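This report refers to the structure that appears directly beneath it.
Keep in mind the model is a prediction, meaning the values are calculated, not measured. We count residues from 1, following the sequence as given.
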Amino acid sequence: MVKQAVPGRGRARAWGGALLGRILLGYWLPRTPLRIGGDRQLHYEAGRLQRLHRAGEVVPAVAQVGEGFLVLEDGGAPLWRRIRHAGLDALRPVIARVAGDLGRFHGAGHWHGGAQLRNYLLAGEGERLVRIDFEEPLDEVMPLAARQVIDLYLLIHSITAFRQLSAGETTGLCRHALEAYLAGHAPDERMVACLVRAQATLRAIERRPGRLFRHTSKDLRRLFITAAAIEQTLPRDWRP
């Protein structure tokens with residue numbers, strides 16, 4: 001696999017990342033790291049992959065980093081291609097496996113930054129889960145607990161993209177993922193505080209401007225499904 005250097009994010013996307021930090025942490029994030037691009041982004045990702053590989057995590061090996069490109073070993077077949085049209089019965093064990101492994105990954109002190117289902121590969125006869133896409137320098141702007149909360153939201157939000165599922169099936173699958181995650185990882189008080197703050201903010205958005213746009217915005221509907229599934233699954237003393 002070869003990744004080419006691309007320009008950094010525009011100001012609007014950087015402001016979006018800063019807003020996410022405001023929701024999770026209560027303060028605005030610096031936007032310069034969020035606009036990372038070019039060779040700096042490639043070297044950043046290569047460094048993260050190398051550190052995770054040394055820690056024993058399953059990620060593509062870095063073959064070469066050059067001016068404008070990053071060469072990685074072939075990590076396997078895309079998970080999303082395998083499951084994007086699958087039915088609920090076939091999805092449940094796969095989603096539980098991914099979510100449980102994310103919990104294990106977080107428990108080992110790691111974070112992904114791109115934990116959506118599209119950023120997993122299946123490798124070898126045993127179909128090991130391989131994580132890809134480590135481009136986000138969130139470690140430069142927020143603590144580990146907030147990064148892990150973002151991972152959890154990204155994974156659950158990506159589960160809401162299965163068009164073949166009913167609304168009830170989607171919510172149930174999201175909750176199934178959360179239960180598998182919590183079985184693999186017991187969040188510490190800092191991660192719980194970030195979760196509670198984020199849930200409270202999303203609830204406020206849904207009550208006010210969200211009412212106006214949830215029927216016209218697919219992204220908002222998916223966001224509110226994500227928030228509802230998380231709130232229904234969290235222990236009661238973690239809820240806002």
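If you take CD1 on Ile83 and CG on Leu117, they are separated by 5.0 Å, rounding to the nearest 0.5 Å. Note that CG of Leu138 and CG of Leu144 are 11.0 Å apart. Values are rounded to the nearest 0.5 Å. From Leu19, atom CG reaches atom CZ of Arg31 across 11.0 Å, with rounding to the nearest 0.5 Å. Here the straight-line distance linking atom CG of Leu88 with atom OG1 of Thr170 works out to 8.5 Å at 0.5 Å rounding. The CZ atom of Arg118 lies 13.0 Å from the CG atom of Leu79; values are rounded to the nearest 0.5 Å. Interatomic distance, CG of Leu155 versus CD of Gln116, reported as 8.5 Å (0.5 Å rounding).
Screening residues 159-188 for salt bridge (charged side-chain N to carboxylate O under 4.0 Å, His left out), with sequence neighbours left out, gives Asp188-Arg190. The salt bridge (charged side-chain N to carboxylate O under 4.0 Å, His left out) pairs that include a residue from residues 42-56 are Lys3-Glu45, where partners are two or more places apart or lie in different chains. Applying the ring pair (Phe, Tyr, Trp, His ring centres under 6.0 Å) test to pairs two or more places apart or on separate chains, those with a residue in residues 27-59 are Trp15-Trp28. Listed by first then second residue, pairs satisfying side-chain hydrogen bond (donor to acceptor under 3.5 Å, both in side chains) with a partner in residues 79-108 read Glu57-Arg104, Arg82-Glu127, Arg92-His176, Asp101-Arg104, Asp101-Arg131, His106-Asp151, His106-Tyr181, not counting sequence neighbours.
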For this session: Walk me through it: do His112 and Leu154 pass the test side-chain contact (heavy atoms from CB on, under 4.5 Å)?
Result: CA-CA 10 Å; His112 191 156; Leu154 288 174; over 6 Å; no
For this session: Take Leu202 and Thr226, measure what side-chain contact (heavy atoms from CB on, under 4.5 Å) needs, and give me the verdict at the end.
Result: CA-CA 10 Å; Leu202 289 172; Thr226 301; over 6 Å; no
Exercise. side-chain contact (heavy atoms from CB on, under 4.5 Å) between Val65 and Asp39: does it pass, once the steps are laid out?
Worked result: CA-CA 9 Å; Val65 189; Asp39 284 345; over 6 Å; no
Problem set entry | Steps toward side-chain contact (heavy atoms from CB on, under 4.5 Å) verdict (Ile132, Val59) | CA-CA 7 Å; Ile132 59 172; Val59 294; over 6 Å; no
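No continuous path of hydrophobic side-chain contacts links Val71 to Leu52 [ILVMFWY only; heavy atoms under 4.5 Å]. Phe69 and Leu72 end up in different hydrophobic clusters when Ile, Leu, Val, Met, Phe, Trp and Tyr side chains are linked at under 4.5 Å. Put simply, Val6 and Phe134 are part of two different groups of oily side chains (I, L, V, M, F, W, Y) that touch within less than 4.5 Å, one to the next.
Under the rule for a side chain to side chain donor-acceptor pair (under 3.5 Å), the partners of Thr160 that lie at least two apart in sequence or sit in another chain are Arg222. The side chain to side chain donor-acceptor pair (under 3.5 Å) test applied to Gln164 returns no partner, not counting sequence neighbours.
Of the possible donor and acceptor atoms, none in the side chain of Glu73 sits under 3.5 Å from a partner among the backbone N and O of Ala63. Remark: side-chain polar atoms of Asn119 are paired, donor with acceptor, to backbone N or O of Gly114 under 3.5 angstrom. Although no hydrogens or angles enter the test, the distance criterion places no donor-acceptor pair under 3.5 Å between the side chain of Arg147 and the main chain of Gly113. In this structure, the side chain of Thr171 does not engage the main chain of Gly168 through any donor-acceptor pair within 3.5 Å. A distance-only check finds no donor-acceptor pair linking the side chain of Gln41 to the backbone of Arg35 [under 3.5 Å].
Between Ala46 and Val62, the closest heavy-atom pair is O-CG2, 3.9 Å. Of all heavy-atom pairs spanning Gly75 and Ala123, the tightest one is O-CB, 3.2 Å. Considering every non-hydrogen atom in both Ala86 and Leu91, the closest pair reads O-CD1, 3.6 Å. Between Glu140 and Pro33 the shortest heavy-atom distance is OE1-CB, 3.5 Å. When every heavy atom of Ala96 is checked against every heavy atom of Ala180, the shortest pair comes out as O-CB, 3.5 Å. The two atoms that bring Val130 and Pro60 nearest to each other are CG1-CD, 3.7 Å, heavy atoms only.
Residues Leu70 and Val2 are not in side-chain contact: their nearest non-hydrogen atoms beyond the backbone lie 4.5 Å or more apart. Contact annotation: the side chain of Ile156 never approaches that of Ile225 to less than 4.5 Å [non-hydrogen atoms, C-beta and beyond].
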